[in-house]
Amino acid sequence: MINDLQTSHATEQDLQPGFLIRRLHQIHLALFAEECAAFNITPVQYNILAVVARQPGLDQSHIGEEVGVDRATIANVVARLEAAKLLKRNVGRTDRRQKLLSITARGRALLSKLDEPVTHAHERTVAGLAPKQRDQFIRLLADLVDAGNDFGRAKLRLK
């Protein structure tokens with residue numbers, strides 16, 4: 001397949017995994033923005049809301065690990081979600097430095113409205129692959145993320 005691409009208009013640089021992954025990420029962000037335009041939310045904000053909804057009461061740093069974002073980013077995004085009244089931060093009872101997160105009713109309502117457009121954005125991202133290829137592609141991406149997890153600024157806790 002790569003040999004076929006090399007004979008077309010693609011250059012050797014275009015076929016580098018980092019370049020292709022970055023480009024696919026750009027494409028997914030554009031599709032997500034298009035599908036979710038009415039909700040004014042980013043993929044990271046959506047992921048944080050979804051994790052907090054599934055695991056209420058987790059502290060901010062653990063949420064960052066679940067989503068794969070660093071401490072500064074999680075703090076910034078959570079502050080914006082709290083200002084929008086989608087999340088609530090509570091100080092930990094045993095450790096006052098902890099920020100325990102819970103989703104608000106407004107946040108739950110937003111997540112419910114986002115189910116269909118987010119799913120559609122993800123489906124459109126891999127629509128160029130046959131269904132069997134999609135499953136294999138996702139498994140391979142997860143393997144790559146897991147294998148390279150120690151090299152990222154923030155670790156991602158994969159299930």
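Keep in mind that this is a model prediction, so the values were computed, not measured.
Checked by atom type and distance alone, the side chain of R106 never pairs as donor or acceptor with a backbone atom of K85 at under 3.5 Å. A distance-only check finds no donor-acceptor pair linking the side chain of R89 to the backbone of K99 [under 3.5 Å]. Between the side chain of Q45 and the backbone N or O of T42, at least one donor-acceptor pair lies under 3.5 Å.
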- Task: With side chain to side chain contact (heavy atoms under 4.5 Å, CB included) as the test, would you mind laying out the steps for I74 and S61 before giving the verdict?
- Result: CA-CA 8 Å; I74 191 79; S61 65; over 6 Å; no
- Message: Let's go through L87 and T104 carefully: what are the C-alpha distance in whole Å and the side-chain angles of both, what is the deciding distance for side chain to side chain contact (heavy atoms under 4.5 Å, CB included) to 0.1 Å, and is it a yes or a no?
- Response: CA-CA 5 Å; L87 287 182; T104 64; 5.7 Å; no
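Using a cut-off of 4.0 Å between Lys/Arg side-chain N and Asp/Glu carboxylate O, R54 and E66 are scored as not salt-bridged. The existence of a salt bridge linking R124 and E34 is confirmed by a sub-4.0 Å separation between a basic side-chain nitrogen and an acidic carboxylate oxygen.
Counted within 6.0 Å of CD on E116, heavy atoms from surrounding residues, nucleotides or ligands total 12 or fewer; the atom is thus considered open. Shown here is D115, whose CG atom has more than 12 heavy atoms of other residues, nucleotides or ligands within 6.0 Å. Counted within 6.0 Å of CZ on R71, heavy atoms from surrounding residues, nucleotides or ligands total 12 or fewer; the atom is thus considered open.
Between A121 and H28, the closest heavy-atom pair is O-ND1, 4.0 Å.
Inter-residue side-chain proximity for F39 and Y46 is flagged as unmet; no heavy-atom pair is nearer than 4.5 Å. In this structure, the side chains of L86 and I103 stay at 4.5 Å or more apart for every pair of heavy atoms. L100 has its side chain out of reach of L58: every pair of non-hydrogen atoms, C-beta onward, lies at least 4.5 Å apart. Two residues are said to be in side-chain contact when any heavy atoms from C-beta on lie closer than 4.5 Å; T125 and I27 fail this criterion.
Under the 4.5 Å side-chain heavy-atom criterion for Ile, Leu, Val, Met, Phe, Trp and Tyr, L114 and L31 are members of distinct hydrophobic clusters.
For the residue pair T73 / D70, a side-chain donor-acceptor distance below 3.5 Å is found, with atom types taken as modelled. Donor-acceptor pairing under 3.5 Å is lacking for the side chains of R139 and Q136.
Of the listed residues (V78, I48, V77, N47), just one forms a side-chain contact (heavy atoms from CB on, under 4.5 Å) with I63, and that residue is I48.
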